[in-house]
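To keep things clear, I will list the structure first and then write my remarks on it.
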Amino acid sequence: MAYQDKYETYLNQIPSDIESCRRSGRRHVFGYTSNYDVVFKWDVDAYNQILDEFLKEEPAARAGDTIDTMEDFARISSYCLMRGIGANFDITSLEVCEYLRRCFQSEPALGGTCAQGVAALAALGFPVAAQLTDRCGAVCRMMDAPGVEVVREGRLVPIMEGASDEAPVYHMILQFSKDDRIRVGGEEYAVPLSNRLILFYDTIHKTVPIDPGFFDYWNRHAGDIASYLASGFDAVIDTSVMEERLDQICSHFEIMRKKNPDFIAYLEGAYYMNPEVKEMLFHRLAPYVNIVGTNEEELVAQNEVHGLTTDITDIESVLRGIEALMFHCGIRGVVLHTKDYSLYYGEELAGIDIEKGLTMGNLMSGTRARIGKYGTIEECRESLELGLSPVGLDFHERLGRLKLDRQAVLVPSRYLEHPKYTIGLGDTFVAGVHTCFQ
């Protein structure tokens with residue numbers, strides 16, 4: 001069946017959805033991390049000068065690599081840019097941070113899937129509650145909007161009432177552009193895809209401290225939860241730390257599920273610095289969550305660990321990859337987000353119009369890519385002028401010809417070949433999906 005474009009129909013429903021949340025008191029609850037991003041303004045000439053000076057060996061990168069020197073930065077980043085890969089790496093040297101800040105102009109931005117998702121929903125007008133790891137004034141001001149709340153002293157308060165005087169937690173972001181040409185070993189290579197690298201000079205997210213008051217509040221008010229996002233463990237390396245956090249979170253979910261069996265729990269994946277942490281997280285939380293979110297790169301990497309090759313140009317291979325992930329981790333449903341389409345595959349979600357969530361996710365992330373900020377309803381409406389991805393339309397048609405035992409819903413994206421912004425698109429997409437959970 002040909003794709004029926006419902007973007008405008010779903011967007012028109014958002015004001016009444018917001019009003020329903022305000023009247024009912026039910027909230028989208030997002031956890032667990034926030035930070036202050038330093039976003040470098042991409043300058044391919046400045047980057048090539050770095051490679052000319054510091055690239056001493058073949059480009060290479062693997063999970064767990066750290067950037068201890070500028071030579072490490074050149075080796076790891078060039079590998080990612082040559083392949084259009086987005087990834088996260090630790091910087092261990094303040095000197096590397098300072099050198100990069102001298103090479104590139106920068107601007108401040110909000111970081112963390114939780115924090116960015118909250119800001120994206122707030123831009124539309126949704127009330128939403130958050131657990132933050134960085135509550136500095138600068139971060140809270142970037143999130144400050146009517147209806148954005150945090151837990152403080154056993155109650156929900158406006159976010160600025162929960163702000164701290166502590167210094168920000170800094171992450172540095174290098175976003176790069178498709179078709180730019182970089183110099184590696186005397187040869188030029190075209191960057192195949194716009195993407196970003198996230199460079200952590202940060203210790204707090206090695207442990208992801210979660211305020212016990214946040215757990216206590218939502219354990220007592222589980223009936224007020226419409227949906228709950230868990231994310232933010234991609235920088236944890238120590239498996240014993242992850243085990244401790246999982247014990248806390250699983251106990252938390254046990255209590256909430258007994259009081260409110262029907263809320264939607266959503267675990268958003270990421271590029272994990274320690275793949276073993278990802279395995280632990282997915283296995284332990286799978287019984288409690290309805291949906292696990294992932295992108296193409298993460299899906300491919302996850303299945304490679306288990307010897308399965310996933311061809312992202314083939315919808316049947318993509319579905320086999322999702323099936324393998326679900327089987328291996330005991331997951332009930334997966335949302336896959338890509339530049340060309342988004343897809344839900346898994347158990348049917350009773351009473352949920354997941355097509356609406358995928359559509360709004362595409363629209364909100366596409367708007368951020370187009371204008372460089374979290375979009376209002378009217379700014380999202382302007383994005384309706386973008387065309388639908390030909391790849392997404394082709395995947396929708398091919399999916400419709402398959403006989404499947406699970407629910408499969410695919411929505412082509414509003415396509416933007418050269419985005420203005422590549423940071424936080426997945427986080428903004430996740431926020432959009434939550435609009436269908438009431």
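Side chains are part of it too, since the values below use all heavy atoms of this structure and drop only hydrogens, waters and symmetry mates. If you're wondering where the values come from, they're calculated on a predicted model, not measured in any experiment.
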In sequence, state the C-alpha distance, the side-chain angles, and the governing distance for L386 and Y415, and then conclude on side-chain contact (heavy atoms from CB on, under 4.5 Å). CA-CA 6 Å; L386 297 173; Y415 190 65; over 6 Å; no
Between atom CZ of R101 and atom SG of C103, what is the distance when rounded to the nearest 0.5 Å? 12.5 Å
The test is side-chain contact (heavy atoms from CB on, under 4.5 Å); show your working for L384 and L363 and say whether it passes. CA-CA 8 Å; L384 297 177; L363 184 58; 4.0 Å; yes
Check the orientation of Y36 and Y170. Use parallel for under 30°, tilted for 30 to 60°, and perpendicular for over 60°. perpendicular
Rounded to the nearest 0.5 Å, what separates atom CD1 in I85 from atom OH in Y79? 5.0 Å
Working to the nearest 0.5 Å, report the span between SG of C97 and CD1 of I67. 9.0 Å
Do NZ/NE/NH1/NH2 and the carboxylate oxygens of R401 and E397 come within less than 4.0 Å? yes
Closest heavy-atom pair and its distance - Y341, G392: CB-CA, 4.1 Å
Sidechain-backbone polar pair: Y189 side chain, P192 backbone, donor-acceptor under 3.5 Å: no
Under 3.5 Å side-chain donor-acceptor pair for H337 and N295: no
Between Y271 and G86, the two heavy atoms sitting closest are CD1-O, 4.5 Å
Does a salt bridge link R406 with E323, judged by any charged N lying under 4.0 Å from a carboxylate O? yes
Just by distance, do the side chain of D37 and the backbone of V39 share a donor-acceptor pair under 3.5 Å? no
According to the interplanar angle, ranging from 0 to 90°, do the rings of H328 and H306 count as parallel (below 30°), tilted (30 to 60°) or perpendicular (above 60°)? tilted
Only pairs at least two apart or in different chains count here, so list each side chain to side chain donor-acceptor pair (under 3.5 Å) that has a residue in residues 127-140. T133-H205
Less than 4.0 angstrom from a charged side-chain N to a carboxylate O is my criterion; do K356 and D17 meet it? yes
Rounded at 0.5 Å granularity, tell me how far CD1 in I182 sits from CG in D52. 11.0 Å
Given the ring of F176, does R196 sit roughly above its face, with NZ or CZ under 6.0 Å from the centre of the six-membered ring and within 45° of the axis? no
For V335, the option from L343, I291, V292 that meets side-chain contact (heavy atoms from CB on, under 4.5 Å): I291
Can you name the closest pair of heavy atoms from C140 and I159 and give their distance? SG-CG1, 3.9 Å
Tell me, yes or no, whether the heavy-atom count around E58 atom CD, taken from other residues, nucleotides or ligands under 6.0 Å, exceeds 12. no
Only pairs at least two apart or in different chains count here, so list each side chain to side chain donor-acceptor pair (under 3.5 Å) that has a residue in residues 426-438. T113-D427, Q116-D427, S227-H434
So which heavy atom on S194 is nearest to which on K178, and how close? OG-N, 2.9 Å
Please find the pair of heavy atoms, one from Y374 and one from A119, that lie closest to each other, and give the distance. CE1-CB, 3.6 Å
Say you draw a straight line from CG of L402 to CG of L319; how long is it, rounded to the nearest 0.5 Å? 6.5 Å
Which class fits the ring pair F282 and Y272: parallel under 30°, tilted 30 to 60°, perpendicular over 60°? perpendicular
I'd like to know if the side chain of S34 reaches the main chain of V139, judged simply by a donor and an acceptor atom lying under 3.5 Å from each other, with no hydrogens or angles considered. no
Only residue of E385, E378, E379 satisfying salt bridge (charged side-chain N to carboxylate O under 4.0 Å, His left out) with R381 is E378
Rounded distance (nearest 0.5 Å) linking atom CE of M242 with atom CG of D247: 9.5 Å
Criterion ring-ring contact (aromatic ring centres under 6.0 Å, His included) on F253 and Y228, from CA distance to verdict: CA-CA 10 Å; F253 272 99; Y228 188 116; 5.1 Å; yes
Identify the residue among Y99, Y47, F40 that makes a ring-ring contact (aromatic ring centres under 6.0 Å, His included) with F104. F40
Atom CD of Q248: over 12 foreign heavy atoms under 6.0 Å: yes
State, with a plain yes or no, whether a side-chain heavy atom of Q175 is found less than 4.5 Å away from one of N195. no
Kindly indicate, with the supporting measurements, whether the criterion ring-ring contact (aromatic ring centres under 6.0 Å, His included) is fulfilled by H28 and F126. CA-CA 9 Å; H28 302 297; F126 277 96; 5.8 Å; yes
Report yes if the side chains of T69 and S93 come closer than 4.5 Å at any heavy-atom pair, otherwise no. no
Minimal heavy-atom distance between V118 and A130, with the atoms involved, is CG2-CB, 3.7 Å
Y7 ring centre to R414 NZ or CZ under 6.0 Å, with the angle to the axis within 45°? yes
Tell me if the CD atom of E8 is crowded by more than 12 foreign heavy atoms within 6.0 Å. no
For residues 63-72, which residue pairs qualify under salt bridge (charged side-chain N to carboxylate O under 4.0 Å, His left out), counting only residues two or more places apart or in two chains? R62-D65, D65-R75, D72-R75
Donor-acceptor pair, K41 side chain versus E107 backbone, under 3.5 Å? no
N362 side chain to V411 main-chain N or O, any donor-acceptor pair under 3.5 Å? yes
Would you indicate whether E98, at its atom CD, is surrounded by more than 12 heavy atoms from other residues, nucleotides or ligands within a distance under 6.0 Å? yes
Taking side chain as C-beta onward, heavy atoms only, is I173 less than 4.5 Å from L197? no
Is there a side-chain contact between Q407 and I354 in this structure, where contact means two heavy atoms from C-beta onward sitting under 4.5 Å apart? yes
Please determine whether a side-chain nitrogen of the Lys or Arg among R370 and E382 lies less than 4.0 Å from a carboxylate oxygen of the Asp or Glu. yes
Taking the side chain as C-beta and beyond, is there a heavy-atom pair between M360 and L11 under 4.5 Å? yes
Decide yes or no for Y10 and N12: does some side-chain heavy atom of the first lie under 4.5 Å from some side-chain heavy atom of the second? no
Whether the T310 and S317 side chains hold a donor-acceptor pair (N or O, under 3.5 Å, no angle test) is what I'd like checked. no
